[in-house]
Amino acid sequence: MTDASDSQIDALRRDNDELRAQVASLKQEVSFLRTHFTLAQGMKGETLTARLTGGALAANYAESFDLRVGQDVTVEVKFSKLNTPNLGQPTRRWNWSKPLGWKDKGKDFDFLVLVGDKDPRFPDQYVDDSPYVFFLVPRGHVQEIMTKGETIGANVQLVTELARAKSPASLALKKHIVPAVIVTSLLECKVTP
């Protein structure tokens, strides 16, 4: 064997060792996120909203908001998958937990963005072709859309068949449904001097 092929083999071994280390790290991350599913769901909504707005994720997990857009606009983001409240029944809903923080304390933001997986049964009830539904709620309107929660804090809940959503909180929330492009443009408008 020549020195050139020996050095190529050494380089391949180093690359292989690095790739094995990356795979081990990714396996550990996936395992963590599977164990902490709600954290992974939140990260999905935060990352998606950050991409839509060009915003920066909060510096640490304990911030009073999730995202900063421009210099001044703070955003709290909540994500919900499609939930089935009663197994075997056709009703699906979104559940967003603790929009104001644990026991309704600790969150300070300008806008609440609620993101949910769309229910494919009702495409005509949603405002765009995105795979997600978006609600952009100014901070001053968050109390109107919440359902009180005694143990951990308030929740926001909405059935995915929007035509059936008739409670006062649901009617208030439906006023804030927006297409994905509006999440971008409304938040950008607030940033522009």
Side-chain angles (χ1 to χ4, degrees), residues 36-83 92-119 125-128 130-160 162 165-192:
H36 299 86
F37 185 70
T38 55
L39 179 60
Q41 289 288 93
M43 289 169 51
K44 182 177 182 179
E46 291 166 15
T47 302
L48 177 63
T49 305
R51 287 186 181 149
L52 282 173
T53 62
L57 294 172
N60 65 58
Y61 183 71
E63 286 283 352
S64 62
F65 57 88
D66 293 324
L67 185 63
R68 183 178 298 280
V69 180
Q71 297 298 315
D72 301 320
V73 179
T74 55
V75 181
E76 178 68 11
V77 181
K78 297 292 182 182
F79 183 87
S80 178
K81 63 182 180 66
L82 290 175
N83 295 294
R92 303 287 180 274
R93 72 176 175 209
W94 298 291
N95 299 306
W96 297 281
S97 178
K98 304 178 295 250
L100 298 177
W102 180 258
K103 298 217 175 193
D104 301 329
K105 295 181 186 106
K107 294 296 181 177
D108 183 26
F109 52 84
D110 298 310
F111 290 94
L112 174 64
V113 174
L114 302 175
V115 184
D117 287 327
K118 281 190 178 169
D119 189 332
Q125 294 187 27
Y126 305 127
V127 294
D128 67 10
S130 163
Y132 305 104
V133 61
F134 293 91
F135 299 89
L136 181 63
V137 185
R139 175 63 179 90
H141 292 269
V142 172
Q143 291 288 341
E144 301 166 11
I145 65 167
M146 296 187 329
T147 304
K148 297 290 182 209
E150 297 299 320
T151 57
I152 63 169
N155 293 300
V156 178
Q157 298 178 342
L158 184 65
V159 294
T160 61
L162 297 178
K166 303 287 186 194
S167 73
S170 296
L171 293 172
L173 180 56
K174 288 192 313 183
K175 293 176 187 175
H176 299 284
I177 191 170
V178 295
V181 297
I182 296 297
V183 172
T184 302
S185 64
L186 283 180
L187 290 176
E188 285 176 344
C189 289
K190 298 297 181 188
V191 174
T192 307

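Worth saying up front: this structure is predicted, and the values here are computed from it rather than measured.
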Subject >> side chain to side chain contact (heavy atoms under 4.5 Å, CB included) partners for S64, two or more places apart >> reply: D108
Original post:
Are the side chains of I145 and K175 in touch, meaning some heavy atoms are under 4.5 Å apart?
Top reply: no
Original post:
Does a side-chain heavy-atom distance below 4.5 Å link Y132 with L48?
Top reply: yes
Subject >> Partners passing side chain to side chain contact (heavy atoms under 4.5 Å, CB included) against K166 (at least two apart in sequence or in another chain) >> reply: none
**OP:** With sequence neighbours left out, write down each residue that passes salt bridge (Lys or Arg N to Asp or Glu O under 4.0 Å) with D104, or none if nothing qualifies.
**Re:** none
Original post:
Out of V77, V115, T49, D117, which one pairs with K44 under the side chain to side chain contact (heavy atoms under 4.5 Å, CB included) rule?
Top reply: D117
Original post:
Quick one: side chain to side chain contact (heavy atoms under 4.5 Å, CB included) partners of L171, sequence neighbours excluded?
Top reply: K174
Subject >> Student check: side-chain heavy atoms of V75 and F65 closer than 4.5 Å >> reply: no
Original post:
Under the side chain to side chain donor-acceptor pair (under 3.5 Å) test, which residues partner R93, sequence neighbours left out?
Top reply: N95
**OP:** Please name all residues satisfying side chain to side chain donor-acceptor pair (under 3.5 Å) with R92, sequence neighbours left out, ordered by chain then number.
**Re:** T84
Subject >> salt bridge (Lys or Arg N to Asp or Glu O under 4.0 Å) against K107, all qualifying residues, sequence neighbours excluded >> reply: E76
Original post:
Who pairs with S170 by side chain to side chain contact (heavy atoms under 4.5 Å, CB included), at least two apart in sequence or on another chain?
Top reply: L158, A165, S167
**OP:** Using the test ring pair (Phe, Tyr, Trp, His ring centres under 6.0 Å), find all partners of F135 that sit at least two apart in sequence or belong to another chain.
**Re:** W96
**OP:** Using the test salt bridge (Lys or Arg N to Asp or Glu O under 4.0 Å), find all partners of D128 that sit at least two apart in sequence or belong to another chain.
**Re:** K118
Subject >> Set of side chain to side chain donor-acceptor pair (under 3.5 Å) partners for D110, sequence neighbours left out >> reply: T74
